[in-house]
Amino acid sequence: MTDIQTLTLTRPDDMHLHLRDGAALRDALPWTARQFARAIVMPNLRPPVVRLQQALDYRQRILHALPAGSDFTPLMTLYLTDETTPDMVAEAARSDMIHAFKLYPAGATTNSDSGVTELKRAYPALEAMQREGMPLLIHGEVTDADVDIFDREAVFIDRHLIALRRAFPELRVVLEHITTAHAAEFVRTAPEVDARGVPLLAATITAHHLLHNRNALFQGGIRPHYYCLPVLKRESHRLALLDAATSGDPRFFLGTDSAPHARDAKEAACGCAGCFTAVDALELYCAAFEERGALHRLDDFASRFGAEFYGLSRNAGTVTLARRSWTVPLQLPYAEAEIVPLHGGELLSWQVQPAPDA
Ligand code: NCD
Ligand code: ZN
């Protein structure tokens, strides 16, 4: 058997990314801009990106933080709150810069205190989004303290998502960073498509949820860099996600959910949720797809299905990965401190070319 030695992809898009702001933005952004042509940028800053003007200002800060010569394009999103009005949705839809609204159930994850407290309150805004063709991106976890943390995604689907889709059957929805067989099955069996044949319900899948199950959190001791939300699940769920990602179904596409936090905020008594994968994102997806002998399916997952869902043209140009073992940096500079990339200090067998130090 001859192993594939290089893999050339259409320049991919990261359809779920946290870039932060200020010095953190300056240090995180170049890693994504190296690997991806565009990214859907999450609005969970402090304060959150709620209004069109805030998103336009944030977009300018991202463009200013880009390395010279980079043509990376940030695709901006707005943070849905109890106060989002139909007029705010219509205004966002008229601007070419806003690609989605993000729904965080209040308290579900990092910087989600301003999130929606009860879904019904967002119904007028959701109705406007449905009318405008504006996608809704969902952090699909209930926040009830009495629901087991490993069940929160499945319970969100049963308690909220089913009703939401019935109420707004034409709304474009992305269930973000899915982690369970339940979510994969819910998305896979949603038959609805728009007039262009584009699915109305889709899901992003992270590299870390394709590669790891919840044992990774506790291997030899507690491993804070593997802690993210939704939290890693058991192996049967990981296998269901791998099935979905490598199936060639356009409902599933790449979103890293790379979520940088400084080392001391992760390695703490109450560490932050979020895995930083921008440094080695494509390499990790390669490892996952290779586990299934499905490297030939990575191009559609990384570079085509997401663009089609968002009504964007495919990127020009390519990125090439070579089979070459390299050690992921143990830590990197981050906002006057340091950050630990997921798999920092470990050997990976694929590498984006040219290597950063080349
Ligand atoms: C994200 C973050 O740090 O902003 N954390 C995470 O664990 N994924 C927020 C999120 O997407 O839930
Ligand atoms: Zn996220």
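First listed ligand is number 1; within each ligand, the first listed atom is number 1. Values below: every heavy atom of this structure, side chains too, minus hydrogens, waters and symmetry copies.
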Which residue and heavy atom of the protein sit nearest atom 8 (N) of ligand 1, plus the separation: D257 OD2, 2.7 Å
Sphere of radius 2.8 Å around the Zn ion (ligand 2) - protein N, O or S atoms inside: H16 NE2, H18 NE2, D257 OD1
Subset of ligand 1 atoms that lie under 4.0 Å from at least one heavy atom of A259: 1 (C), 2 (C), 3 (O), 5 (N)
Part of H261 with heavy atoms under 4.0 Å of ligand 1, whether side chain, backbone, both or neither: side chain
H208-H177 aromatic ring centre distance below 6.0 Å: no
Aromatic ring pairing H139/Y104, orientation class (parallel under 30°, perpendicular over 60°, tilted between): tilted
Geometric class of the Y310/F253 ring pair [parallel <30°, tilted 30-60°, perpendicular >60°]: perpendicular
T8 versus T320, side-chain donor and acceptor atoms under 3.5 Å: yes
Side-chain H-bond candidate by donor/acceptor type, T256 with D14, under 3.5 Å: yes
Under 3.5 Å side-chain donor-acceptor pair for N215 and Q219: no
Shortest protein heavy-atom distance from atom 9 (C) of ligand 1, along with the residue and atom involved: T109 OG1, 3.3 Å
Min heavy-atom dist H16 to ligand 1 below 4.0 Å: yes
Contact atoms of ligand 1, heavy-atom distance to C228 under 4.0 Å: 7 (O)
Partner residues of R166 under the side-chain contact (heavy atoms from CB on, under 4.5 Å) criterion, sequence neighbours left out: I162
Heteroatom distance test (N44, ligand 1): nitrogen or oxygen, under 3.5 angstrom: yes
Ligand 1 versus E176: contacting region, heavy-atom distance under 4.0 Å: neither
Centroid-centroid distance, F289 to F301, less than 6.0 Å: yes
Under 3.5 Å side-chain donor-acceptor pair for D257 and T206: no
Distance from atom 11 (O) of ligand 1 to nearest protein heavy atom, with residue and atom: H18 NE2, 3.0 Å
Ligand-residue contact atoms, ligand 1 with H139, heavy atoms, under 4.0 Å: 12 (O)
NZ or CZ of R214 within 45° of F150 ring axis and under 6.0 Å: yes
Heavy-atom nearest neighbour in the protein, as seen from atom 5 (N) of ligand 1, with distance rounded to 0.1 Å: A273 O, 3.1 Å
Option among R38, R11, R34 that satisfies the salt bridge (charged side-chain N to carboxylate O under 4.0 Å, His left out) test with D71: R11
Pair R131-E127, salt bridge (charged side-chain N to carboxylate O under 4.0 Å, His left out): steps then yes or no: CA-CA 6 Å; R131 194 166 52 240; E127 186 155 47; 5.3 Å; no
The one among L137, L229, L19 that brings a heavy atom closest to atom 6 (C) of ligand 1: L229
Any R20 heavy atom less than 4.0 Å from ligand 1: yes
E153 and T180: side chain donor to acceptor below 3.5 Å: yes
Side chain, backbone, both or neither: the part of E141 lying under 4.0 Å from ligand 1 by heavy atom: neither
Pair H261 + F276: ring centers closer than 6.0 Å: no
Atoms in ligand 1 with a heavy atom of G274 nearer than 4.0 Å: 5 (N), 6 (C), 7 (O)
Atom indices of ligand 1, in the order listed, that fall short of 4.0 Å to a heavy atom of H177: 11 (O)
